[in-house]
Amino acid sequence: QVQLVESGGGLVQPGGSLTLSCVASGIMSSIYTMGWYRQAPGKQRELVALIASDGTTNYSGSVKGRASISRDNAQNTVSLQMNSLKPEDTAVYYCNALRPSPIATLRRNYWGQGTQVTVSS
């Protein structure tokens, strides 16, 4: 079965940093676009960062300059490094694996269970 398992969340002070990690199993992640999303209470889930299979990255404007996404295809992992954390970064962070395809039966979209990040003094 396919699993995405996040780790690294927790409580951090404003201005601090942390690294989130996601380990994928049951898929060959090298052919997927991997991403991190977050959802704060009462709000829609939003994109934080993406990294495509060719290594191209994309960041939300709210974290640009403060976040870095990376992947290790051999280990089936994707990481998100964040610094200068703000209270508004508080959310549940989710790992995502997406395999786009013009053939509907080949499309795949998987989510992890999420990890809580709380930025507070």
Side-chain angles (χ1 to χ4, degrees):
Q1 76 279 19
V2 176
Q3 280 193 302
L4 304 177
V5 181
E6 302 98 331
S7 63
L11 177 64
V12 62
Q13 294 184 13
S17 63
L18 84 172
T19 299
L20 305 179
S21 297
C22 173
V23 180
S25 60
I27 61 169
M28 185 178 178
S29 66
S30 61
I31 66 173
Y32 286 72
T33 294
M34 304 297 295
W36 286 95
Y37 293 73
R38 67 187 182 187
Q39 188 167 21
K43 297 184 178 180
Q44 293 272 10
R45 186 173 298 186
E46 65 174 353
L47 172 70
V48 179
L50 293 174
I51 183 164
S53 59
D54 67 357
T56 302
T57 59
N58 193 8
Y59 297 93
S60 165
S62 63
V63 303
K64 192 169 295 181
R66 302 189 297 118
S68 179
I69 188 170
S70 61
R71 65 193 298 162
D72 184 338
N73 290 333
Q75 298 297 319
N76 253 19
T77 60
V78 61
S79 297
L80 180 69
Q81 300 177 8
M82 298 186 67
N83 55 41
S84 301
L85 286 162
K86 307 173 181 179
E88 51 263 45
D89 294 319
T90 296
V92 177
Y93 284 70
Y94 297 91
C95 180
N96 173 258
L98 174 68
R99 189 174 74 184
S101 176
I103 304 173
T105 56
L106 297 182
R107 297 170 193 162
R108 300 288 186 271
N109 192 2
Y110 301 108
W111 293 92
Q113 83 287 352
T115 185
Q116 176 72 48
V117 173
T118 302
V119 183
S120 175
S121 297

Checking the side chain of [X] only, and the main-chain atoms of [Y] only, is there a donor and an acceptor separated by less than 3.5 Å?
| X | Y | result |
| --- | --- | --- |
| Arg71 | Val78 | no |
| Asn96 | Asn109 | no |
| Ser101 | Arg107 | no |

Is there a chain of hydrophobic side chains (I, L, V, M, F, W, Y, each step under 4.5 Å between heavy atoms) that links [X] to [Y]?
| X | Y | result |
| --- | --- | --- |
| Val12 | Met82 | yes |
| Leu20 | Leu11 | no |
| Met34 | Val23 | no |
| Leu18 | Val63 | yes |

How about Gln44: does its CD atom have over 12 heavy atoms from other parts shown lying under 6.0 Å from it?
no
What closest approach, in Å, do [X] and [Y] show between heavy atoms, and which atom pair accounts for it?
| X | Y | answer |
| --- | --- | --- |
| Arg38 | Ser62 | NH2-OG, 3.3 Å |
| Ser21 | Ser79 | OG-OG, 3.7 Å |
| Leu98 | Pro100 | O-CD, 3.5 Å |
| Leu4 | Ala24 | CD2-CB, 3.4 Å |
| Thr115 | Glu6 | CG2-CB, 3.9 Å |
| Leu80 | Ala67 | CD1-CB, 4.1 Å |

Asn73 vs Met28, side chain to side chain contact (heavy atoms under 4.5 Å, CB included): CA-CA, chis, key distance, verdict
CA-CA 8 Å; Asn73 290 333; Met28 185 178 178; over 6 Å; no
Report the C-alpha distance between Thr33 and Leu50 in whole Å, list the side-chain angles of each, state the deciding distance to 0.1 Å, and finish with yes or no for side chain to side chain contact (heavy atoms under 4.5 Å, CB included).
CA-CA 7 Å; Thr33 294; Leu50 293 174; 4.2 Å; yes
Of all residues at least two apart in sequence or in a different chain, which pass the side chain to side chain contact (heavy atoms under 4.5 Å, CB included) check with Gln13?
none
For Thr57, enumerate each residue passing the side chain to side chain contact (heavy atoms under 4.5 Å, CB included) test, keeping only those at least two apart in sequence or located in another chain.
Ile51, Tyr59, Ile69
Salt bridge (charged side-chain N to carboxylate O under 4.0 Å, His left out) involving Arg108 - partner list, sequence neighbours excluded:
none
Indicate whether any N or O donor in one side chain lies under 3.5 Å from an N or O acceptor in the other, for Ser120 and Thr118.
no
Determine whether the side chains of Asp72 and Thr77 contain a donor N or O and an acceptor N or O closer than 3.5 Å.
no
Tell me which pairs pass disulfide bond (SG atoms under 2.5 Å apart) where either residue lies in residues 80-111, with sequence neighbours left out.
Cys22-Cys95
According to ring-ring contact (aromatic ring centres under 6.0 Å, His included), does anything in residues 85-111 pair up with another residue at least two apart or in another chain? List the pairs.
Tyr37-Trp111
Using side-chain heavy atoms (C-beta onward) and a distance below 4.5 Å, is Val119 in contact with Glu88?
no
Please assess Ile31 against Arg99 for the test side chain to side chain contact (heavy atoms under 4.5 Å, CB included), listing each intermediate value before the final yes or no.
CA-CA 7 Å; Ile31 66 173; Arg99 189 174 74 184; 3.8 Å; yes
With clusters built from Ile, Leu, Val, Met, Phe, Trp and Tyr whose side-chain heavy atoms come within less than 4.5 Å, directly or transitively, what are the remaining members of the cluster of Val5, listed by chain and number?
none
